[in-house]
2 protein chains.
Amino acid sequence: MATEARRPGRPATLEDVARVAGVSRATASRVINGSPTVDAALRRKVEEAITATSYAPNRAARSLVTRRTDSVALVVSEREQRQLATPFIGRMFTDPHFGRVVSGLLQVLRPAGMQTVLMVADDEASRRQVLTYLRQGHVDGVVLISSDPNDPLPRMLSETALPTVLAGRPGRSAVLPYVEVDQRAGAQLAAERLVAQGRRLIGTVAGPQDMPAAQERLEGFRGALAALGVTGLPWAEGDFTRAGGAEAMRRLLADHPGLDGVFVASDLMALGAVPVLLRAGRRVPEDVGVVGFDDSEAAEASEPALTTVRQPVEDMACEMARLLLRQIREPGAAPPSVVFRPTLVVRDSS
Amino acid sequence: MATEARRPGRPATLEDVARVAGVSRATASRVINGSPTVDAALRRKVEEAITATSYAPNRAARSLVTRRTDSVALVVSEREQRQLATPFIGRMFTDPHFGRVVSGLLQVLRPAGMQTVLMVADDEASRRQVLTYLRQGHVDGVVLISSDPNDPLPRMLSETALPTVLAGRPGRSAVLPYVEVDQRAGAQLAAERLVAQGRRLIGTVAGPQDMPAAQERLEGFRGALAALGVTGLPWAEGDFTRAGGAEAMRRLLADHPGLDGVFVASDLMALGAVPVLLRAGRRVPEDVGVVGFDDSEAAEASEPALTTVRQPVEDMACEMARLLLRQIREPGAAPPSVVFRPTLVVRDSS
DNA sequence: CGAGCCGGAGAGAGCGCTCTCTCGACGGTG
DNA sequence: CACCGTCGAGAGAGCGCTCTCTCCGGCTCG
């Protein structure tokens with residue numbers, strides 16, 4: 001169209017829009033930012049000009065003056081992977097759980113017009129780099145997913161004034177809002193299920209005991225069993241991987257061959273643990289009942305389908321995004337953390 | 001430190017650095033951007049000032065004048081998911097394959113100082129939104145991962161001048177560079193393996209035949225078998241999901257109970273197909289050999305461990321990032337597409 | 001010894017936008 | 001009829017940076 005491309009090859013600017021609409025730049029800006037003090041006729045003209053020039057605001061220019069960027073960082077913080085030969089970045093990315101979190105976040109961030117910048121911190125250097133980036137005001141807020149309980153990033157972030165939300169309670173104390181599932185309540189659901197089925201020789205494959213979530217699942221499970229009159233909980237520690245779950249199950253079974261029920265603190269570990277039981281000649285659920293944790297996709301696909309404690313991961317991620325947006329819009333008071341109630345999903349394994 | 005924070009609460013600017021170093025803004029800028037025409041003594045002073053003020057350049061301001069943003073978009077384009085009750089964004093995120101791609105991309109982008117912005121296009125509106133964003137110059141380049149062969153986005157992107165790389169060959173013709181594995185060669189590896197084991201009643205669970213990759217795997221497999229003297233390939237179409245693989249396997253087995261070998265066009269489908277065979281009383285690999293495609297993590301974990309055609313996903317993603325960076329640095333000529341050679345990973349299933 | 005050259009540094013414009021300040025027009029009031 | 005308040009619109013500064021242009025001083029060369 002004739003009105004377009006005053007300067008060849010460059011996208012239209014507000015100046016162009018104003019000229020086409022026959023108004024000042026300020027008025028065009030008012031229309032774009034929804035100011036109420038614009039005459040209806042002029043507003044129409046500006047809107048037409050915007051269409052005619054296919055104008056879209058330059059975020060860099062806007063951000064320069066407003067000090068907002070309309071984007072947030074999704075920071076994935078991982079334990080350093082020194083032992084790997086190939087420099088493999090972001091092992092967490094291949095975890096479907098992570099994908100569910102991303103999906104939930106985008107569900108809220110996208111309609112809010114927020115862009116999401118993906119960053120990984122997996123060693124001292126990258127952590128510094130990420131922090132510098134964040135501190136420099138390139139994003140309005142941060143969602144931090146950390147798999148390392150000793151991660152210094154939460155504390156470092158809490159020292160900046162940057163709005164931040166954590167996925168899960170941080171290992172070290174940091175006064176940042178987080179979103180998490182009630183681990184103890186989840187463990188209690190598992191305990192109640194197994195006991196209700198008449199199982200009494202119950203063990204658990206726990207997660208790494210330096211992670212708060214894993215600790216709470218173990219303690220919560222032990223406490224719930226005790227409340228139900230079952231004491232003396234045998235357990236083995238896995239590392240939240242499939243292989244780790246298998247290994248822990250093997251140890252547990254060797255020490256306690258009479259087990260008739262197992263709470264495995266993650267579905268992924270359960271996926272490793274169940275075959276160990278089967279190969280040892282135990283039928284699941286007839287001989288040994290198994291309850292997992294997460295309700296990941298793997299739970300449904302496993303053989304037999306896994307009875308498991310469901311975390312509403314997507315909902316939790318949505319809530320994280322909402323908490324973050326609230327902090328961004330109302331600076332100052334950090335919103336309270338949110339703890340979700342887990343539910344039990346009964347399938348075949350118990 | 002005393003020299004910091006000339007203006008309270010705001011990060012240091014180039015002006016601050018210059019003042020602290022006792023030079024002009026221009027010289028400070030030269031040092032930061034590595035201009036060679038700076039006296040060594042001044043350079044030192046500026047570098048000290050940078051440290052003292054913990055200065056980091058404001059990207060918005062820089063981008064405003066350079067028209068570069070030092071960030072690229074990772075656009076995930078998916079078929080519209082109307083049928084879902086909950087607005088579930090980005091089902092692809094939960095696919096470990098996607099995570100591997102992200103990991104590979106970051107491996108190259110991060111050292112290059114490029115930020116990665118995550119975007120999803122899953123319907124007409126979001127596609128337009130994404131395109132507007134991209135066209136406005138908010139990113140220097142685009143990596144497009146599309147699961148929809150009829151996706152209009154590649155064509156739309158090729159009409160912009162924006163550097164772009166596609167993951168996989170696009171369904172519709174678009175003159176954009178892509179990175180992909182040689183599908184036919186992969187299918188040939190599978191055919192050779194099965195035939196070498198003396199199998200002759202060979203079928204295949206193919207992928208959706210509107211996807212080029214799935215087509216080529218089927219045709220490549222058929223062609224390779226023919227070259228080996230095996231003709232008349234029975235096949236069933238799956239949708240690249242686990243359940244779809246199981247369903248297709250069931251149909252295939254019902255029509256051809258005498259099968260002694262199956263090429264399943266993705267590991268995920270194989271994960272569904274193998275249990276169908278086992279439940280039908282076929283031993284794997286004794287009665288029926290199974291070869292998958294992808295060498296996903298699932299392949300190793302499956303029971304029996306899956307013999308599969310390996311795609312070097314991370315390497316391919318690295319290459320995508322490199323192609324993109326090259327386009328960004330040398331505008332004009334789009335680099336050629338790159339096709340990777342697959343390899344066969346022999347495990348237990350065939 | 002003076003003209004020309006060149007390396008190195010500073011001055012200053014301007015990228016596209018927002019937002020304050022100013023101004024004009026209009027209508028209601030004393 | 002003069003005054004004031006209000007509403008809508010424009011003028012213009014300035015966000016932090018890059019980059020061209022200009023200038024200065026020291027060197028080489030005729």
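In what follows, chains are A, B, ... by sequence order, proteins preceding strands, each numbered from 1.
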Nearest whole Å is fine: how far is C:dC15 C1' from B:Arg59 CZ? 18 Å
To the nearest 10°, give me the bend of the helix from C:dC1-D:dG30 to C:dG30-D:dC1, comparing the axes of its five terminal pairs at either end. 60°
Just the rounded figure in Å: distance from P of D:dC17 to CZ of B:Arg68. 14 Å
Among all residues two or more places apart in sequence or in another chain, which pass the salt bridge (Lys or Arg N to Asp or Glu O under 4.0 Å) test with B:Arg25? B:Glu15
Per atom distances to the B:Ala61 side chain, the nearest of C:dC15, D:dC17, C:dC17 is D:dC17
Between B:Leu64 and A:Gly22, the residue closer to the 5' end of DNA chain D by nearest nucleotide is A:Gly22
Please check if the side chain of B:Glu314 supplies one atom and the backbone of B:Arg100 the other of a donor-acceptor pair under 3.5 Å. no
The ring pair (Phe, Tyr, Trp, His ring centres under 6.0 Å) partners of A:Tyr133 (sequence neighbours excluded) come to A:His138
Side-chain polar contacts of residues 321-334 of chain A - donor-acceptor pairs under 3.5 angstrom, sequence neighbours left out - could you list them?
from     : atom 1 : to       : atom 2 : distance (Å)
A:Arg322 : NH1    : A:Glu319 : OE1    : 2.7
A:Gln327 : OE1    : A:Thr164 : N      : 3.4
A:Gln327 : NE2    : A:Thr164 : O      : 2.9

Any idea which of D:dG10, D:dC19, C:dG16 is nearest the A:Ser24 side chain? D:dG10
Will you find, in the side chains of B:Asp16 and B:Thr53, an N or O donor that is under 3.5 Å from an N or O acceptor? no
Under a 4.0 Å threshold between the charged nitrogen and the carboxylate oxygen, would A:Arg127 count as salt-bridged to A:Glu124? yes
So which atom in A:Val72 and which in A:Leu109 form the shortest heavy-atom distance, rounded to 0.1 Å? CG2-CD1, 3.6 Å
Rounded interatomic separation in angstrom, taking CG from B:Asp70 and P from D:dG16: 19 Å
To the nearest angstrom, how far is A:Arg62 atom CZ from D:dC17 atom P? 21 Å
Quick check for you: among C:dT18, C:dA9, C:dG16, whose closest atom lies nearest to any side-chain atom of B:Asp39? C:dA9
Just N and O in the side chain of B:Thr13: are any of them under 4.0 Å from OP1 or OP2 of D:dG16? no
Taken to the nearest whole Å, CG/B:Leu14 to P/D:dC17 is 5 Å
Counting only non-hydrogen atoms, which of residues 25-33 of chain B are less than 4.0 Å from DNA chain D? B:Arg25, B:Ala26, B:Ser29, B:Arg30, B:Asn33
Within the distance-only criterion (no hydrogens, no angle test), does the side chain of A:Glu78 pair as donor or acceptor with the backbone N or O of A:Met92 below 3.5 angstrom? yes
Who passes side chain to side chain donor-acceptor pair (under 3.5 Å) against A:Ser126, sequence neighbours left out? A:Asp122, A:Asp123
Rounding to an integer number of Å, can you tell me how far B:Asp16 CG sits from D:dC15 P? 11 Å
Separation of atom CG in B:Asn58 from atom P in D:dC15, rounded to whole Å: 12 Å
Rounded to whole angstroms, how far apart are CZ on A:Arg19 and P on D:dA9? 20 Å
